[in-house]
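Everything numeric here is computed off the predicted structure, so don't read it as measured data. Letters A, B, ... mirror the listed sequences (proteins, then strands); counts begin at 1. Both backbone and side-chain heavy atoms feed into the values below; hydrogens, waters and symmetry mates do not.
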Amino acid sequence: MSASDTGDQRILLIDGHAMAFRAFFALPADGFSDGRGQATNAVYGFTRMIINVVASEKPTHVAVAFDLPGGTFRDRIYDQYKGGRDETPPEFVGQIDLIMQVLDALGVRWLTVEDYEADDIIASLAHRTATEGGEALIVTSDRDAIQLVGESVTLLQPVKGVTEMRRMNPAAIEEKYGIPPERYSDLAALVGESADNLPGVPGVGPKTAAKWIVQYGDLPGIIAHAGEIKGKAGQSLRDHIADVERNRLMNAAVLDLELPADPEHYTLGRGDGTVLNALFDELAFGPTIRKDVPADFLAGGADVPQAPARELPPVQRPASAELPELLTSAFGEGAALASDGSWVLGQGDLRRLALATDDALAVLTLADLDDAAERALAAWLEDPEIPKSAHDTKNLAHQARGRGLRIAGWRTDLAIAEFLCRPDQRPTDLAGLTLRHLQEDLQVEAAAAQQELDLGADDGSDAEAEQLGRAADAVLRLERLLRSELEEHAALSLHDDLELPLSAVIGELEATGIAVSDDVLAGLDQEHATKQTEVAESAFSHLDGDRINLGSPKQLQEVLYERLGLPKGRRTKTGYSTNAETLVDLFEKTQHPFLADLLAHRDVTKMRQIIDTLRRFISPEGRIHTTFHQNIAATGRLSSNNPNLQNIPTRTEEGRRIRSAFGNSAGYHALLTADYSQIEMRIMAHLSEDAGLIEAFRSGEDLHRFVASRVFDVEPEEVDGAMRSKTKAISYGLAYGLSAFGLARQLHISQGEATALRDGYFERFGGVRDFLRESVEKARATGYTETILGRRRYLPDLTSDNRQRRENAERVALNSPIQGSAADIIKLAMLRVDELLREKELTSRVLLQVHDELVMDVAEGEEAQVREVVTEGMGSAFELSVPLEVGIGVGPNWLEAAH
DNA sequence: CATATAACGTA
DNA sequence: CGTACGTTATATGC
């Protein structure tokens with residue numbers, strides 16, 4: 001049967017741009033990406049829409065019309081046409097082209113006509129179809145199409161998003177607007193269309209316009225009788241007749257465009273399933289949308305070939321006796337690993353391990369292995385020539401460590417690889433990664449597979465093994481995908497040569513942990529507890545003994561600003577701030593004794609809190625094993641948690657005392673701290689190549705004194721404390737994208753003074769100013785910032801129309817190369833220090849990293865050598881144009897190891 | 001019971 | 001209205 005008999009024609013006409021744009025805003029741009037940074041949300045939404053409409057409306061023919069860039073004849077009539085529109089969002093760019101590719105694969109004709117809009121194409125085709133006795137369905141959110149609706153032309157208006165449509169036939173139009181569709185252009189001319197920048201008659205909305213149309217027949221009738229219309233609206237109409245006539249001219253659809261006339265041209269059913277599938281692969285579209293593509297699109301009504309679900313090799317559960325042979329035969333070339341185990345308080349436990357290759361899948365239950373089998377497994381795991389990958393290699397190694405197994409030959413850490421490609425994304429577990437990149441739900445897949453197994457013969461398999469096997473198989477496929485992505489992001493070397501080897505080093509130091517004295521902490525806690533009661537009682541005494549909750553900002557607001565009537569200061573989202581800065585200001589103003597007690601209470605409470613947290617994490621062996629994460633901080637720094645050992649107090653005397661609890665490992669002689677002196681400013685000097693700053697570091701003079709002497713134009717020895725601290729604040733502030741406002745607030749000086757200070761700084765250190773400006777410009781052009789090792793951070797917001805977002809991204813762009821390069825350097829240093837310790841066969845070991853500092857256990861008699869190791873390892877980690885200086889301190893504990 | 005907010009510790 | 005984090009207690013919403 002051919003649909004070329006026009007009487008049977010049922011043509012679907014879609015406004016490509018209007019619907020793509022709608023899809024773009026209906027779906028999150030950051031939730032749909034092809035994995036290469038191209039957003040695909042509009043493509044996905046549009047595809048979804050056309051699939052749904054074809055499935056439900058069953059058209060015989062389809063055409064999609066697009067606007068062309070550049071003007072149309074309407075712009076020549078009215079130069080403000082469609083003026084005042086926002087710029088195209090950057091994520092939308094490129095999606096129209098992709099939609100056209102999808103349409104080609106679906107075998108759907110798409111059309112453009114120079115000098116005309118998509119509307120005109122649709123109008124012409126609809127008109128012709130109707131004339132020839134066929135039927136047309138128009139899909140667009142553009143209201144100009146309402147005028148086209150007729151007996152055989154129906155409009156489908158998107159209601160919500162792009163998949164829900166409202167059918168508009170003449171009756172529906174009449175009901176909604178009170179006029180028939182052919183009069184809608186008259187109504188629109190009177191009311192105006194803000195989207196097209198066509199102002200109508202002020203004070204006249206659809207109701208008034210419809211009333212006039214009913215009364216006078218049509219627009220010419222209204223204009224002819226304009227003089228009779230009473231009231232404000234009538235006057236307004238008379239004052240804007242010219243606008244109305246222009247609008248009517250502009251909104252009239254063109255019905256006679258020359259377009260391919262043969263209905264055959266638009267016939268549905270010329271799509272190519274293979275091409276479509278390949279394109280969906282490229283777009284990273286999942287299996288769901290493929291399944292929903294109606295066969296009507298494809299030549300011969302074929303089904304869309306489904307991306308074949310991966311046929312998993314059978315899950316083997318080898319007996320001990322079979323394992324050695326299996327490891328060499330099936331997994332001799334390496335495997336993807338997934339495990340079921342734990343690592344808590346330095347205690348690891350690996351229960352099950354799944355191994356996957358393309359052809360084999362095995363799940364081992366460690367407790368079931370006999371000695372020979374376990375030895376074979378140990379040898380396989382330890383073999384550095386057998387490549388292995390896992391979602392979180394360090395964690396798997398920790399679990400294995402609990403069984404006395406160590407793993408060598410790591411090839412890819414999926415979590416790290418994912419992070420290097422998308423540093424600003426929140427980390428996700430393996431199931432999340434699988435969903436994101438393979439569009440498969442591990443849990444669902446495993447459950448479905450298990451059901452099939454259950455129906456078949458019982459082969460001793462179980463649901464958990466099935467799930468673990470699926471996980472290992474996912475690791476296998478993700479590994480390939482992510483390695484190619486690493487290449488695309490120029491991050492393969494960062495993964496292979498920096499982060500992955502580093503994860504092994506970090507694993508060692510996490511497993512080692514740091515000795516912490518519970519007794520010392522208990523003593524401190526006791527002191528603070530006494531003090532806490534004291535200041536709390538004193539605080540309550542100033543409130544007529546009212547025992548409010550001093551830890552509740554809400555209650556404090558009530559007390560401070562209502563009851564005591566103190567002057568309100570800074571605002572928070574929900575009320576007035578009660579933070580320390582505000583309280584100190586308030587105390588200086590009012591000298592109210594409650595404030596002093598409250599501040600003291602805050603301090604002492606915070607201390608107790610920190611102490612309490614630390615104590616909860618002390619293992620039975622008296623050590624704290626923090627976890628360092630390599631995939632959290634977008635700049636490339638490590639982060640530490642459970643507990644965080646990178647924020648142990650150091651600024652106040654009281655706080656520092658906590659550090660005295662850290663140290664004295666049995667068998668070790670002392671603690672050593674080694675830190676980089678002003679590493680971020682050195683990186684600034686290196687990157688900016690500012691002659692003055694480089695000289696500052698080469699002169700050996702105190703940095704801030706040197707810089708201050710230049711800024712204030714005095715001899716270095718004349719620099720006083722105020723000058724030095726102001727200069728220091730600017731130096732560091734610059735690397736954070738500090739504003740004059742922020743600087744003024746921090747230094748308690750006027751904004752004018754702050755501006756002058758900054759200008760003076762930039763005048764003497766012009767290279768810094770140029771560097772900062774250029775690095776933002778470069779990031780805007782490339783879309784990302786880069787560290788000295790090429791670690792990228794993508795900042796799409798640099799081109800945002802939203803000022804707040806854009807300026808925030810600019811500050812991030814200033815800071816990331818600096819903070820990130822410092823992170824790169826200390827990571828290199830950790831690798832180097834680890835290597836040197838091995839070379840020299842020292843027992844001393846690294847315990848902690850605190851961004852620019854390493855904390856080490858020094859073994860008896862090794863202090864001199866360890867000093868050499870850190871001086872060399874940290875000092876020569878990376879060659880900058882200024883020296884890297886390392887400060888070293890040694891003492892019985894972390895407090896006394898300061899320098 | 002889970003999430004949000006304000007606060008505050010570090011580099 | 002400077003960057004990067006983690007933890008906590010309180011308050012709020014389900």
If you take any heavy atom closer than 4.0 Å to DNA chain C, which residues from residues 725-751 of chain A end up in contact?
A:G733, A:Y736, A:L738, A:S739, A:F741, A:G742, A:Q746
Go through the structure and list residues passing salt bridge (charged side-chain N to carboxylate O under 4.0 Å, His left out) with A:R436, not counting sequence neighbours.
A:E418
Would you classify A:R656 as touching base, sugar-phosphate or nothing, given that sugar-phosphate means primed atoms plus P, OP1 and OP2, and contacts are heavy atoms under 4.0 Å?
nothing
When the P atoms of B:dT5 and C:dC1 are considered, how many whole Å apart are they?
15 Å
Who are the ring-ring contact (aromatic ring centres under 6.0 Å, His included) partners of A:F594, not counting sequence neighbours?
none
Do any pairs count as a side chain to side chain donor-acceptor pair (under 3.5 Å) and have a residue in residues 514-525 of chain A, sequence neighbours left out, and if so which ones?
A:D518-A:R615, A:D525-A:R608
For residues 623-634 of chain A, tabulate all N or O donor-acceptor pairs below 3.5 Å that involve a side-chain atom, not counting sequence neighbours.
unit_1 : atom_1 : unit_2 : atom_2 : d
A:R623 : NE     : A:T512 : O      : 2.8
A:R623 : NH1    : A:S665 : OG     : 2.8
A:R623 : NH2    : A:G513 : O      : 2.9
A:R623 : NH2    : A:S665 : OG     : 3.0
A:H625 : ND1    : A:E510 : O      : 2.8
A:H625 : ND1    : A:A511 : O      : 3.1
A:T626 : OG1    : A:S640 : OG     : 2.8
A:T626 : OG1    : A:N641 : O      : 3.0
A:T626 : OG1    : A:P643 : O      : 2.7
A:H629 : NE2    : A:N641 : OD1    : 3.2
A:Q630 : NE2    : A:E499 : O      : 2.9
A:Q630 : NE2    : A:E499 : OE1    : 2.9

Can you name the residues that form a salt bridge (charged side-chain N to carboxylate O under 4.0 Å, His left out) with A:D690, not counting sequence neighbours?
none
How is A:S640 classified with respect to the nucleic acid when contacts are heavy atoms under 4.0 Å: base, sugar-phosphate, or nothing?
sugar-phosphate
Those residues that, when tested against A:N642, pass side-chain hydrogen bond (donor to acceptor under 3.5 Å, both in side chains) (two or more places apart):
none
Applying a 4.0 Å non-hydrogen cut-off, can you work out what A:R616 is touching in the nucleic acid: base, sugar-phosphate, or nothing?
sugar-phosphate
Between A:P423 and A:D612, which has a closest nucleotide on DNA chain C that is more 5'?
A:P423
By the 4.0 Å heavy-atom rule, please label A:D424 as base, sugar-phosphate, or nothing.
nothing
Could you tell me whether A:Q609 contacts a base, only the sugar-phosphate backbone, or nothing, with contacts defined as non-hydrogen atoms closer than 4.0 Å?
sugar-phosphate
Expected list for residues 580-589 of chain A: side-chain donor-acceptor pairs under 3.5 angstrom, two or more places apart:
unit_1 : atom_1 : unit_2 : atom_2 : d
A:E581 : OE2    : A:R745 : NH1    : 3.4
A:T582 : OG1    : A:S577 : OG     : 3.3
A:T582 : OG1    : A:N579 : OD1    : 2.7

What is the per-nucleotide protein-contact pattern of nucleotides 4-10 of chain B, from the 5' end, where B denotes a base atom under 4.0 Å from a protein heavy atom, S denotes such proximity for sugar-phosphate atoms only, and - denotes neither?
-SSSBBB
Once side chain to side chain donor-acceptor pair (under 3.5 Å) is applied, what residue pairs with a partner in residues 545-567 of chain A remain, sequence neighbours excluded?
A:E537-A:R547, A:D546-A:R563
Boundaries of the DNA chain C segment in contact with chain A, non-hydrogen, under 4.0 Å:
C:dC1 to C:dT12
Salt bridge flag under 4.0 Å for residues A:R657 and A:E527:
yes
Partner of A:H592 under side chain to side chain contact (heavy atoms under 4.5 Å, CB included), chosen from A:L598, A:L560, A:L564:
A:L564
Need one value for A:I632: base, sugar-phosphate or nothing, where a base atom within 4.0 Å counts as base even if backbone is also close, heavy atoms only.
sugar-phosphate
Can you name the residues that form a salt bridge (charged side-chain N to carboxylate O under 4.0 Å, His left out) with A:E885, not counting sequence neighbours?
A:R682
